[in-house]
Amino acid sequence: MHLMELPREVLLGENLAGETVNVAKRLKLGRRVLVLYGPKTKKIAGEEVEESLSREFEASGVVVRGATMEEVERVISVIRETSADWVIAVGGGSIIDVAKLASYRTEIPFVSFPTTASHDGIASANASIKDLGSKTSVKARPPVAVIADVKVIKTAPYRYLAAGVGDIISNLTAVRDWQLAHRIRGEYYSEYAASLSLMSAKMVMKNADIIRLGSEESVRKVIKGLISSGVAMSIAGSSRPASGAEHLFSHALDMLAPKPALHGEQCGVGTIIIAYLHGLKWERVRETLKRVGAPTNAYELGIDPEIIIKALTIAHTIRPERYTILGKEGLTWEAAEKAAKITGVI
Ligand SMILES: NC(=O)C1=CN([C@@H]2O[C@H](COP(=O)(O)OP(=O)(O)OC[C@H]3O[C@@H](n4cnc5c(N)ncnc54)[C@H](OP(=O)(O)O)[C@@H]3O)[C@@H](O)[C@H]2O)C=CC1
Ligand SMILES: O=C(CO)COP(=O)(O)O
Ligand SMILES: [Zn+2]
């Protein structure tokens with residue numbers, strides 16, 4: 001049996017902090033709510049959401065710092081102490097992932113209230129959590145509702161929106177890797193999930209100039225792509241349609257770089273190199289990233305070229321079960337250096 005779980009409500013609009021109350025009432029989420037936010041997103045929208053919910057429910061808030069297993073366990077304890085009926089995550093990808101996994105493990109629903117359009121975990125069913133030093137993709141449940149407030153998301157520096165484009169354009173190579181794994185390893189493949197995922201990537205390529213404006217319309221375009229990408233992951237039952245070798249490269253950078261860039265920025269640069277390895281039109285990927293003002297090379301990522309090469313050579317070891325163009329052996333140092341040089345990444 002293949003179970004697909006999807007969000008029940010997706011709200012995209014302006015000034016939605018107060019709407020959280022109506023969503024909770026419609027979906028009968030319960031009286032006690034735990035609001036999760038980060039040190040910055042607390043001020044950006046977290047407090048406002050908590051205040052709105054406090055008028056009708058018993059709301060308490062907790063500050064989360066980073067997507068680690070320790071934070072997930074700490075939040076699980078707070079859920080139990082406060083007997084929370086549901087959770088709402090107000091923040092970037094890290095806060096949403098912690099809320100997603102903690103609510104799944106305590107079997108309560110969670111609502112996603114993104115403050116950035118930088119990642120496609122907004123509506124997905126899986127959580128990317130750092131455990132014992134490396135990022136793992138853990139099964140969870142998608143949010144029962146997504147409340148995307150364009151005004152809040154627009155407060156984030158433009159860099160975050162461009163990172164969202166990087167996370168979406170990754171779908172081009174992720175789907176290629178998935179097809180490869182299907183053909184070579186007989187892995188389950190969903191044509192429907194793959195098409196939906198590719199559609200998001202094509203939409204951002206087509207709308208790059210509108211996205212570049214950094215307007216509310218830009219935010220809407222990127223958010224829709226991120227949500228569709230998350231839905232594609234839910235349909236597939238894994239992050240396969242949106243995470244291939246370019247994501248392994250980004251996870252490797254998170255482990256190796258003293259100061260990693262944003263997830264979506266790293267994935268975008270990874271897509272350029274992995275598209276080259278797949279024999280795809282990598283120049284088109286680079287062109288789109290340039291047009292939206294996302295990084296396309298090591299210098300713009302603020303990462304040393306040696307670390308880029310090293311990350312390419314170890315990427316295949318991060319999730320050995322996830323077969324990609326990197327194969328079982330991975331890239332040699334020379335091959336990695338050549339691919340990075342040809343594509344102008346180093
Ligand atoms: N589960 C999935 O399917 C997916 C998960 N991911 C995961 O998501 C994470 C990346 O998410 P990302 O959002 O890039 O990074 P983070 O969630 O780590 O956020 C980065 C920083 O941005 C801050 N921030 C958030 N909103 C705003 C805002 N409106 N204005 C200014 N600053 C803001 C955060 O504040 P604060 O310090 O308050 O938190 C934080 O300091 C990675 O861990 C990645 O693995 C990515 C894609 C898919
Ligand atoms: O980031 C993702 C999709 O964009 C999914 O994350 P994983 O690489 O952790 O599976
Ligand atoms: Zn991603």
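In this text, all values refer to a predicted model and were calculated from it rather than measured experimentally.
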(message) Treating N126 as the side-chain partner and V138 as the backbone partner, does any N or O pair qualify as donor plus acceptor under 3.5 Å?
(response) no
(message) Within the supplied structure, the quantity of interest is the number of heavy atoms (other residues, nucleotides, ligands) at a distance under 6.0 Å from I184 CD1; does it exceed 12?
(response) yes
(message) Salt bridge or not between E217 and R220? Use side-chain N to carboxylate O under 4.0 Å.
(response) no
(request) May I ask you to decide whether K154 forms a salt bridge with E216, counting only side-chain N to carboxylate O separations under 4.0 Å? (result) no
(request) Locate the shortest heavy-atom distance separating A245 from I325; write the atom from each residue and the value. (result) CB-CG2, 4.2 Å
(message) Please check: side-chain N/O of T41 versus main-chain N/O of Y37, any donor-acceptor pairing under 3.5 Å?
(response) no
(message) Are V150 and V23 connected into the same hydrophobic cluster when the rule is that any two of I, L, V, M, F, W, Y join if their side-chain heavy atoms are below 4.5 Å apart?
(response) no
(request) Count the heavy atoms belonging to other residues, nucleotides or ligands that lie under 6.0 Å from CD of E191, then report whether that count exceeds 12. (result) no
(message) Between L326 and L331, is there a side-chain heavy-atom distance shorter than 4.5 Å?
(response) yes
(request) May I have the step-by-step check of side chain to side chain contact (heavy atoms under 4.5 Å, CB included) for I235 and L196, ending in yes or no? (result) CA-CA 10 Å; I235 293 171; L196 182 59; 4.1 Å; yes
(request) Considering only NZ, NE, NH1 and NH2 on the basic side and carboxylate oxygens on the acidic side, decide whether D209 and R212 come within less than 4.0 Å. (result) no
(message) Distance check, rounded to the nearest 0.5 Å: L36 atom CG versus S103 atom OG?
(response) 9.0 Å
(message) Under a 3.5 Å distance rule, please check whether S197 uses its side chain to pair with a backbone N or O of A193 as donor and acceptor.
(response) no
(request) Under the salt bridge (charged side-chain N to carboxylate O under 4.0 Å, His left out) rule, collect the residues that match up with R8, sequence neighbours excluded. (result) none
(message) Nearest 0.5 Å, please: how far is NZ in K100 from OG in S124?
(response) 3.0 Å
(request) Return yes if some donor-acceptor pair links the side-chain N/O of E51 with the main-chain N/O of E48 below 3.5 Å, else return no. (result) no
(request) Can you see which heavy atom on P114 is nearest to which on I147, and at what distance? (result) CD-O, 3.3 Å
(message) Using a 6.0 Å cut-off, check whether atom CD of E329 has over 12 heavy atoms from anything other than its own residue.
(response) no
(request) Go through the structure and list residues passing side chain to side chain donor-acceptor pair (under 3.5 Å) with D177, not counting sequence neighbours. (result) H278
(request) Please check if I210 and Y158 belong to a single hydrophobic cluster, counting links between Ile, Leu, Val, Met, Phe, Trp and Tyr side chain heavy atoms closer than 4.5 Å. (result) no
(request) Decide yes or no for H247 and Q266: does some side-chain heavy atom of the first lie under 4.5 Å from some side-chain heavy atom of the second? (result) no
(request) Kindly give the heavy-atom pair with the smallest separation between A145 and L27, and that separation in Å. (result) CB-CD1, 4.0 Å
(request) Any chance you could measure L213, atom CG, to L161, atom CG, to the nearest 0.5 Å? (result) 10.5 Å
(message) Under a 3.5 Å distance rule, please check whether W86 uses its side chain to pair with a backbone N or O of L34 as donor and acceptor.
(response) no
(request) Identify the heavy atoms of I346 and A298 that sit nearest to each other, and give their distance. (result) CG2-CB, 4.1 Å
(request) Check whether any side-chain N or O of D97 sits under 3.5 Å from a backbone N or O of S128 as a donor-acceptor pair, and report yes or no. (result) yes
(message) Let me check something: do I88 and F110 share a hydrophobic cluster, defined by ILVMFWY side-chain heavy atoms less than 4.5 Å apart, either directly or through other members?
(response) no
(message) Assigning hydrophobic clusters by single linkage (Ile, Leu, Val, Met, Phe, Trp, Tyr; side-chain heavy-atom cutoff under 4.5 Å), is V21 placed with V87?
(response) no
(request) Look at K341 together with E337 and state whether they make a salt bridge at an N to O cut-off of under 4.0 Å. (result) yes
(request) Any chance you could measure L312, atom CG, to I273, atom CD1, to the nearest 0.5 Å? (result) 4.5 Å
(request) Please answer whether the main-chain N or O of R32 pairs with a side-chain N or O of D85 as donor and acceptor at a distance below 3.5 Å. (result) yes
(request) In sequence, state the C-alpha distance, the side-chain angles, and the governing distance for R322 and S239, and then conclude on side chain to side chain donor-acceptor pair (under 3.5 Å). (result) CA-CA 10 Å; R322 180 151 295 196; S239 63; 2.9 Å; yes
(request) Could you tell me whether the side chain of N297 reaches within less than 4.5 Å of the side chain of T343, counting heavy atoms only? (result) no
(request) Determine the minimum heavy-atom distance between F249 and G270, stating which atoms define it. (result) CD2-CA, 3.4 Å
(message) Quick check on R26: does its CZ atom have over 12 non-hydrogen neighbours (other residues, nucleotides or ligands) under 6.0 Å away?
(response) yes
(message) Quick one: does any side-chain atom of S229 pair with a main-chain N or O of I168 as donor and acceptor, under 3.5 Å?
(response) no
(message) Measuring from atom CD1 of I272 to atom CG of L172, what distance do you get when rounded to the nearest 0.5 angstrom?
(response) 11.5 Å
(message) Parallel, tilted or perpendicular: which one describes the rings of Y188 and H2, with boundaries at 30° and 60°?
(response) tilted
(request) Assess whether side chain to side chain contact (heavy atoms under 4.5 Å, CB included) is satisfied between K310 and E306, documenting all intermediate values. (result) CA-CA 6 Å; K310 175 87 181 151; E306 291 268 310; over 6 Å; no
(message) If you apply the rule side chain to side chain donor-acceptor pair (under 3.5 Å), what do you find for D167 with S118, and how did you get there?
(response) CA-CA 7 Å; D167 208 17; S118 51; over 6 Å; no
(request) Verify the neighbour count for atom CZ of R176: are there more than 12 heavy atoms of other residues, nucleotides or ligands below 6.0 Å? (result) no
(request) State which residues pass salt bridge (charged side-chain N to carboxylate O under 4.0 Å, His left out) with E287; sequence neighbours excluded, sorted by chain then number. (result) none
(request) Could you grab the distance from atom CD of E71 to atom NZ of K130, nearest 0.5 Å is fine? (result) 12.5 Å
(message) Between R31 and E56 (salt bridge meaning N to carboxylate O under 4.0 Å), is one present in this structure?
(response) no
(request) Identify whether the distance between the nearest side-chain nitrogen and carboxylate oxygen of K43 and E47 falls below 4.0 Å. (result) yes
(message) I need the single residue from I129, D131, V64 that forms a side-chain contact (heavy atoms from CB on, under 4.5 Å) with V72. Which is it?
(response) I129
(request) I would like to know whether H316 and K328 meet side chain to side chain contact (heavy atoms under 4.5 Å, CB included); could you show each step before the answer? (result) CA-CA 7 Å; H316 68 291; K328 275 188 150 181; over 6 Å; no
(message) Has S77 got a side-chain atom pairing as donor or acceptor with E73's backbone, closer than 3.5 angstrom?
(response) yes
(request) Please answer: with hydrophobic residues joined when any side-chain heavy atoms are less than 4.5 Å apart, are V63 and V111 in the same cluster? (result) yes
(message) For E246 and T271: C-alpha separation, side-chain torsions, deciding distance, then whether side chain to side chain donor-acceptor pair (under 3.5 Å) applies.
(response) CA-CA 5 Å; E246 74 300 318; T271 307; 5.1 Å; no
(request) Please check if the side chain of H251 supplies one atom and the backbone of K135 the other of a donor-acceptor pair under 3.5 Å. (result) no
(request) Answer yes when K42 and E50 have at least one side-chain N-carboxylate O distance shorter than 4.0 Å, and no when they do not. (result) no
(request) Taking all heavy atoms of L53 and all of A59, pick out the closest pair and write down the distance. (result) CB-CB, 4.1 Å
(request) Step by step, work out the side chain to side chain contact (heavy atoms under 4.5 Å, CB included) result for M69 and T136. (result) CA-CA 10 Å; M69 212 38 118; T136 43; 5.7 Å; no
(message) Q179 vs Y189, test: side chain to side chain donor-acceptor pair (under 3.5 Å). Steps then yes/no.
(response) CA-CA 7 Å; Q179 289 167 343; Y189 175 76; 3.0 Å; yes
